[in-house]
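For reference, the structure discussed in these notes is given below.
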Protein chains: 2
Amino acid sequence: MQDSRVTLDDTDLRLLAALQRDAHLTAEALGSQLNLSASQAGRRRQRLEASGAIRGYTARLDPEGLGLAVQAFIQVTLERHGPEQAKSFSRMVETRPEIVSAWTLTGDADYLLRAYTTGLRALHTLIHEVLLSHPTVARVQSQIVMDQLKADAPLPL
Amino acid sequence: MQDSRVTLDDTDLRLLAALQRDAHLTAEALGSQLNLSASQAGRRRQRLEASGAIRGYTARLDPEGLGLAVQAFIQVTLERHGPEQAKSFSRMVETRPEIVSAWTLTGDADYLLRAYTTGLRALHTLIHEVLLSHPTVARVQSQIVMDQLKADAPLPL
DNA sequence: GGTGAAATCTACCTAGG
DNA sequence: CCTAGGTAGATTTCACC
């Protein structure tokens, strides 16, 4: 489970790419794609799981099909910048399930959030009653996703 | 495989949540979490796959472990806005593997891109030799990810 | 790289509402 | 008639050779 920075050869990279496309590929199917025997393909997979290169396997869901109609990016600027404020904000971000990702970036804003909500009303609630109500938040700017040209493509390997 | 907007009950939602956390859960493990028999849990999984609620299963990789050290968000504004320009830009976005996601948003910029590169030099190349060299691109503003507070959490179900 | 036991999936069957 | 639980053959994994 360690991040033992092992070197990955070309076959490893192709195996990772294949498992990003379909995590349910069998060792045999992987092997035929990579010109390996099933046992060798399975062994490589185990090694990549143990090394931490593969963090886990997850189901990709259809947000719209599940009623998550509105996706938005929200840039947040804090009032003051201290470890205490950052901690408090971070805890709030962790807690809210509709905030699926959060980053600190270079540039003006302190945080970029990505959120999925059931509608504009729910997004409005998130912004006003959660973010702007938070003591350290100074300014919030949200942009709603209109169209997704490219959706969570595999990492470039 | 159709998006037959079937109604999902509470058990379905909990099953989806569990499979987001771990796509390799067995039908038996799912069943014991949901107070169902293994066969029923498996049947529900199949139904959710067929209905399109589950789009597929993917391996979550460790970007830093794979040498993708620099992650960035890039806002792009186009010179002029016509179907021809949009098409041309969209084709370029599809082609570049380091651009993993692309959205059109409300607000000033025309596109928001998310990119993973091996380093600052590769990001610089992407911005200058790919984006700014593109005939219809007017302006590019990139922000590098410094820290990820919350990483691709499951969708809120 | 191959093999076999154990685990898992899934199509089919039966029971209950 | 529809939904839940059980069963057996086929498939897959994984420790060992």
Side-chain angles (χ1 to χ4, degrees), chain A residues 1-67 152 154-155 157, chain B residues 1-63 65-66 152 154-155 157:
Chain A
M1 196 74 76
Q2 287 297 48
D3 192 328
S4 49
R5 200 58 49 85
V6 281
T7 40
L8 305 174
D9 63 18
D10 183 64
T11 303
D12 286 324
L13 295 180
R14 294 202 298 145
L15 193 151
L16 292 173
L19 285 178
Q20 280 192 107
R21 285 190 292 273
D22 181 3
H24 280 179
L25 284 172
T26 65
E28 176 156 323
L30 280 171
S32 59
Q33 283 189 34
L34 305 173
N35 294 92
L36 285 177
S37 67
S39 50
Q40 287 301 339
R43 186 188 305 270
R44 277 191 192 248
R45 178 151 66 99
Q46 286 184 315
R47 187 165 56 78
L48 291 167
E49 289 166 357
S51 78
I54 297 174
R55 292 241 258 254
Y57 301 96
T58 184
R60 284 183 300 110
L61 305 186
D62 172 24
E64 318 234 333
L66 298 173
D152 295 315
L155 293 179
L157 297 177
Chain B
M1 199 72 77
Q2 286 296 47
D3 193 329
S4 50
R5 198 61 48 84
V6 282
T7 39
L8 304 175
D9 63 18
D10 183 64
T11 303
D12 286 324
L13 295 180
R14 293 202 297 146
L15 193 152
L16 293 173
L19 285 177
Q20 281 193 107
R21 286 189 291 273
D22 181 3
H24 279 180
L25 283 172
T26 67
E28 175 155 324
L30 280 171
S32 60
Q33 282 190 35
L34 305 173
N35 292 95
L36 284 178
S37 67
S39 52
Q40 286 303 331
R43 185 190 303 271
R44 278 189 190 250
R45 177 151 65 99
Q46 286 182 316
R47 188 164 56 78
L48 291 166
E49 289 165 358
S51 77
I54 297 175
R55 292 241 260 253
Y57 300 96
T58 184
R60 285 183 299 109
L61 304 186
D62 173 23
L66 299 171
D152 295 315
L155 292 179
L157 298 177

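Chain letters run A, B, ... following the sequence lines, proteins first and then strands; every chain starts at 1.
- Taking atom CG of residue B:Leu30 and atom P of nucleotide C:dT10, one finds them 12 Å apart after rounding to whole Å.
- In this structure, CG of A:Leu25 is placed 16 Å from P of C:dC9, rounded to the nearest angstrom.
- Rounded to a whole Å, the CD atom of B:Glu28 is 15 Å from the P atom of C:dT10.
- Considering only side-chain N and O atoms, B:Arg43 lies nowhere under 4.0 angstrom from the phosphate OP1 or OP2 of C:dA11.
- At whole-Å resolution of the value, OH in A:Tyr57 and C1' in D:dT13 are 12 Å apart.
- Residues A:Gln40 and A:Leu34 have side chains not in contact (no heavy-atom distance under 4.5 Å, counting atoms from C-beta outward).
- A donor-acceptor contact under 3.5 angstrom links the side-chain atoms of B:Ser39 to the base of D:dG6.
- For B:Arg45 and C:dC9, the shortest distance from a side-chain N or O to OP1 or OP2 is below 4.0 Å.
- One atom, CD of A:Gln40, and another, P of D:dT13, lie 15 Å apart when rounded to the nearest Å.
- Between the C1' atom of D:dC14 and the CD atom of A:Glu49 lies a distance of 12 Å, rounded to the nearest Å.
- We find that CG of B:Leu34 is positioned 12 Å from P of D:dA4, with the value rounded to whole Å.
- Heavy-atom distances to DNA chain D give each of B:Arg44 and A:Gly42 a nearest nucleotide, and the one nearer the 5′ end belongs to B:Arg44.
- No side-chain heavy atom of B:Arg43 sits less than 4.5 Å from a side-chain heavy atom of B:Leu36.
- Looking at heavy atoms from C-beta onward, A:Leu8 lies in side-chain contact with A:Leu16 at the 4.5 angstrom threshold.
- A straight line from CG of A:Leu19 to P of D:dT12 spans 15 Å, rounded to a whole angstrom.
- Relative to the side chain of B:Thr26, the nucleotides D:dT13, C:dT8, C:dG2 differ in distance, and C:dT8 lies closest.
- At a threshold of 4.5 Å between non-hydrogen side-chain atoms, the residues B:Leu30 and B:Arg45 count as touching.
- Checking the phosphate oxygens (OP1, OP2) of C:dC9, no side-chain nitrogen or oxygen of B:Gln46 falls inside 4.0 Å.
- Note that CG of B:Leu48 is 5.0 Å distant from CD1 of B:Ile54, once rounded to the nearest 0.5 Å.
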